[in-house]
2 protein chains.
Amino acid sequence: MNGHELLQKHISKTVTLSDDVFEYVLSHFKEQHFTKGQTIISAGDKVQHEYFVVAGCLKSFYINEDVKMFILQFSMPNWWASDFEALYSGEKAKIHVDCIADATVLALSNEDREKLCREIHEMEHFFRWRTNKGYVATQKRLLSFMNNNAKQRYEELLTQYPQLYNLVPKHLIAAYLGVSRETLSRL
Amino acid sequence: MNGHELLQKHISKTVTLSDDVFEYVLSHFKEQHFTKGQTIISAGDKVQHEYFVVAGCLKSFYINEDVKMFILQFSMPNWWASDFEALYSGEKAKIHVDCIADATVLALSNEDREKLCREIHEMEHFFRWRTNKGYVATQKRLLSFMNNNAKQRYEELLTQYPQLYNLVPKHLIAAYLGVSRETLSRL
């Protein structure tokens with residue numbers, strides 16, 4: 001499935017658009033290709049786009065003062081990635097986004113998302129529900145961190161991304177769970 | 001300021017509605033009064049409403065298997081509270097919401113929110129941005145938990161809710177920060 005078909009199928013799970021309207025929506029996205037290890041967003045950048053993943057896998061991560069890495073999200077096909085705090089507020093990025101594997105994405109600018117939401121009520125509905133789902137997923141992840149339950153986080157991760165275990169190096173899975181590699185191997 | 005005025009001012013920060021349209025929107029909200037300690041949502045409940053806080057203060061919290069309490073959110077006037085995961089999915093509540101102080105809220109049902117979003121494009125825009133802000137706030141909170149930085153969480157809390165320190169018992173602030181009362185008194 002190419003990027004256009006994947007995006008159309010993804011949007012159509014939430015709203016119904018005619019082919020003509022979808023083509024118009026699509027005309028605001030730009031296909032981009034990145035290679036494994038390549039950076040899409042660095043902390044300190046001005047962030048102007050969000051990315052719909054068509055192929056490959058991205059990671060969104062934070063590096064603290066002790067140069068320790070915390071992974072916020074893995075983004076596989078059909079997921080969206082960005083530093084949304086920076087994108088929405090106009091402040092500089094606090095997190096990094098790079099590629100765990102060669103990746104194809106469809107980039108949408110902040111301005112074009114707002115334009116599409118203004119012009120097409122269905123797109124405003126689509127983006128509202130996309131964020132609703134992201135909000136709920138982040139809250140679930142926060143609860144399992146507060147509860148300090150690494151086993152639960154591990155099970156949630158495998159449910160959310162069943163194909164991830166073979167795709168992603170173990171030290172990155174540990175950085176997502178917030179545990180050491182030793183703890184991960186016990187889980 | 002009464003509940004109607006507070007809600008109108010709150011919505012008008014994001015979108016412009018005529019007085020007639022606002023009156024129509026308002027007709028979908030029901031004013032409710034709760035006393036200190038009263039429960040609004042219990043884990044296991046079917047959740048059908050979200051609540052705009054007009055007066056008082058609510059807490060949203062999770063109780064784990066060891067009967068330890070984790071506070072997800074304090075909701076002061078102009079904040080919204082619910083178990084959004086349960087509200088959006090139709091599953092049973094996992095968290096509790098109760099009143100730290102006598103509270104007045106405006107309750108909106110899931111169905112009426114979707115109806116307003118369908119009928120009034122501006123309201124879909126309003127609710128999209130409300131969730132965008134909630135998503136970003138939750139992600140910030142997740143990052144400071146991953147980073148295990150209680151001091152940063154404490155400073156974020158005081159920035160977000162400057163009036164909270166005098167309003168909320170210290171053991172609840174500790175449960176929000178995920179630290180012991182002893183650690184809180186050192187911060």
Side-chain angles (χ1 to χ4, degrees), chain A residues 15 50 60-66 68-73 80 82-89 91 94-95 110 113-114 117-149 152-153 175-179, chain B residues 15 50 60-66 68-73 80 82-89 91 94-95 110 113-114 117-149 152-153 175-179:
Chain A
V15 292
E50 57 199 288
S60 304
F61 60 106
Y62 175 73
I63 306 277
N64 77 357
E65 290 168 5
D66 304 324
K68 191 174 166 188
M69 176 175 68
F70 300 90
I71 295 183
L72 268 170
Q73 189 184 300
W80 296 76
S82 190
D83 180 336
F84 288 99
E85 183 185 353
L87 184 68
Y88 294 150
S89 68
E91 290 167 17
K94 285 185 189 156
I95 64 171
N110 203 38
R113 186 216 324 110
E114 291 305 306
C117 286
R118 245 187 342 263
E119 292 175 348
I120 306 167
H121 190 159
E122 289 84 353
M123 290 306 294
E124 185 113 53
H125 184 79
F126 167 76
F127 279 109
R128 179 168 66 89
W129 275 96
R130 186 200 64 172
T131 307
N132 282 350
K133 288 172 196 162
Y135 174 75
V136 164
T138 307
Q139 183 160 304
K140 276 168 102 158
R141 201 151 143 62
L142 174 63
L143 269 176
S144 64
F145 260 95
M146 293 172 94
N147 201 359
N148 197 22
N149 189 332
Q152 185 186 328
R153 290 204 291 281
Y176 178 91
L177 299 175
V179 300
Chain B
V15 292
E50 57 200 285
S60 304
F61 60 107
Y62 174 73
I63 306 277
N64 77 359
E65 289 168 4
D66 303 326
K68 190 173 167 190
M69 175 173 68
F70 300 90
I71 295 182
L72 269 170
Q73 188 184 301
W80 295 77
S82 189
D83 180 336
F84 288 100
E85 182 184 354
L87 185 68
Y88 293 151
S89 68
E91 290 167 15
K94 284 184 189 157
I95 64 171
N110 203 39
R113 187 218 320 112
E114 291 305 306
C117 286
R118 245 188 341 265
E119 292 174 347
I120 305 167
H121 189 159
E122 288 85 354
M123 288 306 293
E124 186 113 53
H125 183 81
F126 167 76
F127 280 109
R128 179 167 67 88
W129 275 97
R130 186 200 64 174
T131 306
N132 283 350
K133 287 172 196 161
Y135 174 76
V136 164
T138 307
Q139 183 160 303
K140 274 168 103 158
R141 202 151 142 63
L142 175 63
L143 268 174
S144 65
F145 260 95
M146 293 172 93
N147 201 0
N148 197 23
N149 190 332
Q152 185 186 329
R153 290 204 290 282
Y176 178 91
L177 299 175
V179 300

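Each chain gets a letter, A, B and so on, in the order the sequences are listed, and its residues count up from 1.
Contacts between B:Leu177 and chain A at a heavy-atom distance below 4.5 Å are absent for every atom of the residue. For chain B, no part of A:Lys133 is nearby; none of its heavy atoms comes within less than 4.5 Å. For a residue to count as touching a neighbouring chain, one of its non-hydrogen atoms must lie under 4.5 Å from one of that chain's; by this rule B:Ile71 touches chain A with the backbone only. Residue contact with chain A, scored on non-hydrogen atoms closer than 4.5 Å, is absent for B:Glu65. For a residue to count as touching a neighbouring chain, one of its non-hydrogen atoms must lie under 4.5 Å from one of that chain's; by this rule B:Tyr176 touches chain A with the backbone only. In this structure, chain A has a heavy atom under 4.5 Å from the side chain of B:Lys140, while its backbone stays farther away. Interface residue A:Ile120: only backbone heavy atoms are found under 4.5 Å from chain B.
When every heavy atom of A:Gln139 is checked against every heavy atom of B:Ile95, the shortest pair comes out as NE2-CD1, 4.3 Å.
B:His125 places a side-chain heavy atom less than 4.5 Å from the side chain of A:Glu114. The closest side-chain heavy-atom distance from B:Lys68 to A:Met146 is not below 4.5 Å.
Exactly one of B:Phe70, B:Phe145, B:Tyr62 qualifies for a side chain to side chain contact (heavy atoms under 4.5 Å, CB included) with A:Leu142. That residue is B:Phe145.
Note: A:Glu124 leads A:Arg130, A:Glu124, A:Glu85 in heavy-atom pairs under 4.5 Å with chain B. Most heavy-atom pairs under 4.5 Å with chain B: of the set A:Ala137, A:Gly178, A:Cys117, A:Gly134, this distinction falls to A:Cys117. The candidate with the highest count of non-hydrogen atom pairs below 4.5 Å against chain B, out of A:Asn132, A:Asp66, A:Leu143, A:Val136, is A:Asn132. Ranked by heavy-atom pairs under 4.5 Å with chain B, the list A:Asn147, A:Asn64, A:Asp83 is led by A:Asn147.
Expressed to the nearest 0.5 Å, how far CD of A:Glu122 lies from CZ of B:Arg118 amounts to 12.5 Å.
Note: A:Tyr88 and B:Trp129 have perpendicular aromatic rings, judged against thresholds of 30 and 60 degrees for the angle between ring planes.
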